[in-house]
2 protein chains.
Amino acid sequence: MAGRNLVGPAADALDLGAVFRALADEHRRSVMMELAADRSDSERGCNSFDLPISKQTQTHHFRVLREAGLIDEIDYGNRKGIRLRRADIEKRFPGLLTLLGAESPGGTAPR
Amino acid sequence: MAGRNLVGPAADALDLGAVFRALADEHRRSVMMELAADRSDSERGCNSFDLPISKQTQTHHFRVLREAGLIDEIDYGNRKGIRLRRADIEKRFPGLLTLLGAESPGGTAPR
DNA sequence: CTTCAAGTACGACTTGCATCGTACCTGAAG
DNA sequence: CTTCAGGTACGATGCAAGTCGTACTTGAAG
């Protein structure tokens, strides 16, 4: 089977609140950082991120990212593909993906 | 009295996770949008935002914004001033404030 | 002094969310 | 067919967060 694309919001319908809520979680942010760092935007297996959480929780996180419009999920039945919606994100929120690369400069916030 | 500045994290210590968590809330995001839209960055009274929530909850939200490093709070005792940390934010997360203006779909985005 | 408005501190309540256990589905390989 | 690994569905649980009520503090104005 060709694998059908699980639906997310249209590019123009991306909600900033949903995006920020999605990126508020550390695990989801690490996934997005990896995706943003790969400029080829190739499809990745969803267990290629080495997340230290159970697979049910991973399913949940990918679902949140998809519903926020940040990734596409391609369902193959017994496996799943993940692809960054770079063009849509850049169109709607230019600079957001670049921001993800500005993670921790080394300083841990006191207090 | 001069009013002392309540402390937040240093510019280099701004944490992207804390920032996204802060901006995930609709009320805090509306405050930040108003602040970002005013290019003069003048100090504002913290009840000038017309938030539909109690003052205790407002105190909570401004505290979250301050601890995320997004605003300064100036304590005058029986009133409080709010000021956007625009320079620090732009230095650490360039483009973030511009993103807040992209809220409405349909092209508020400059370019 | 007293009064008053703005803000905070503390606690309680409620909702949302991240997490996982169990059971089930799907497709590929024997 | 059966087996197996990857993924999902549903529910339960624990914790973080948003909200507000009560009481207190602060500084200004009478």
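Proteins come first, then strands; the chains are lettered A, B, ... in the order of their sequence lines, and each starts at number 1.
- Residues satisfying the side chain to side chain contact (heavy atoms under 4.5 Å, CB included) test with Ser30(A), not counting sequence neighbours, are Leu51(A).
- What separates CD of Glu67(B) from P of dA16(D) is a distance of 15 Å, to the nearest Å.
- Distances shown here put every side-chain N or O of Thr57(B) at or beyond 4.0 Å from the OP1 or OP2 atom of dG18(D).
- For residues 18-48 of chain A, the set of pairs meeting the ring-ring contact (aromatic ring centres under 6.0 Å, His included) definition, not counting sequence neighbours, comprises Phe20(A)-Phe20(B), His27(A)-His61(A).
- At least one side-chain nitrogen or oxygen of Arg28(A) sits closer than 4.0 Å to the OP1 or OP2 atom of dA18(C).
- Residue Ser54(A) places at least one side-chain N or O under 4.0 Å from the OP1 or OP2 atom of dC20(C).
- Residues forming a salt bridge (Lys or Arg N to Asp or Glu O under 4.0 Å) with Glu90(B) (at least two apart in sequence, or on another chain): none.
- Straight-line distance from the CZ atom of Arg29(B) to the C1' atom of dG18(D): 14 Å, rounded to whole Å.
- At least one donor-acceptor pair closer than 3.5 Å links the side chain of Arg28(A) to the backbone N or O of Arg21(A).
- Under 4.0 angstrom from either OP1 or OP2 of dT19(D) there lies at least one side-chain N or O belonging to His27(B).
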Summary of protein contacts for nucleotides 8-16 of chain C, nucleotide by nucleotide, where a base hit scores B, a sugar-phosphate-only hit scores S (4.0 Å, heavy atoms):
BB-------
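- As rounded to whole Å, 12 Å separates atom P of dA18(C) from atom CG of Leu23(A).
- Considering only residues two or more places apart in sequence or on other chains, Asn78(A) meets the side chain to side chain contact (heavy atoms under 4.5 Å, CB included) condition with none of them.
- Between Leu51(B) atom CG and dT19(D) atom C1' the separation is 13 Å, expressed in whole Å.
- We find that CZ of Arg66(A) is positioned 13 Å from C1' of dG7(D), with the value rounded to whole Å.
- A 4.5 Å side-chain heavy-atom check between Leu84(A) and Leu97(A) finds at least one atom pair inside the cut-off.
- Protein atom CD of Glu26(B) is 12 Å distant from nucleotide atom P of dG18(D), rounded to whole Å.
- In this structure, the CG atom of Asn78(A) is 10 Å from the P atom of dA29(C), given to the nearest Å.
- Atom-to-atom, CD1 of Ile82(B) to C1' of dA6(C) comes out at 13 Å; the value is rounded to the nearest Å.
- Within the structure, ring-ring contact (aromatic ring centres under 6.0 Å, His included) pairs that include any residue of residues 35-58 of chain A comprise Phe49(A)-Phe62(A) (at least two apart or interchain).
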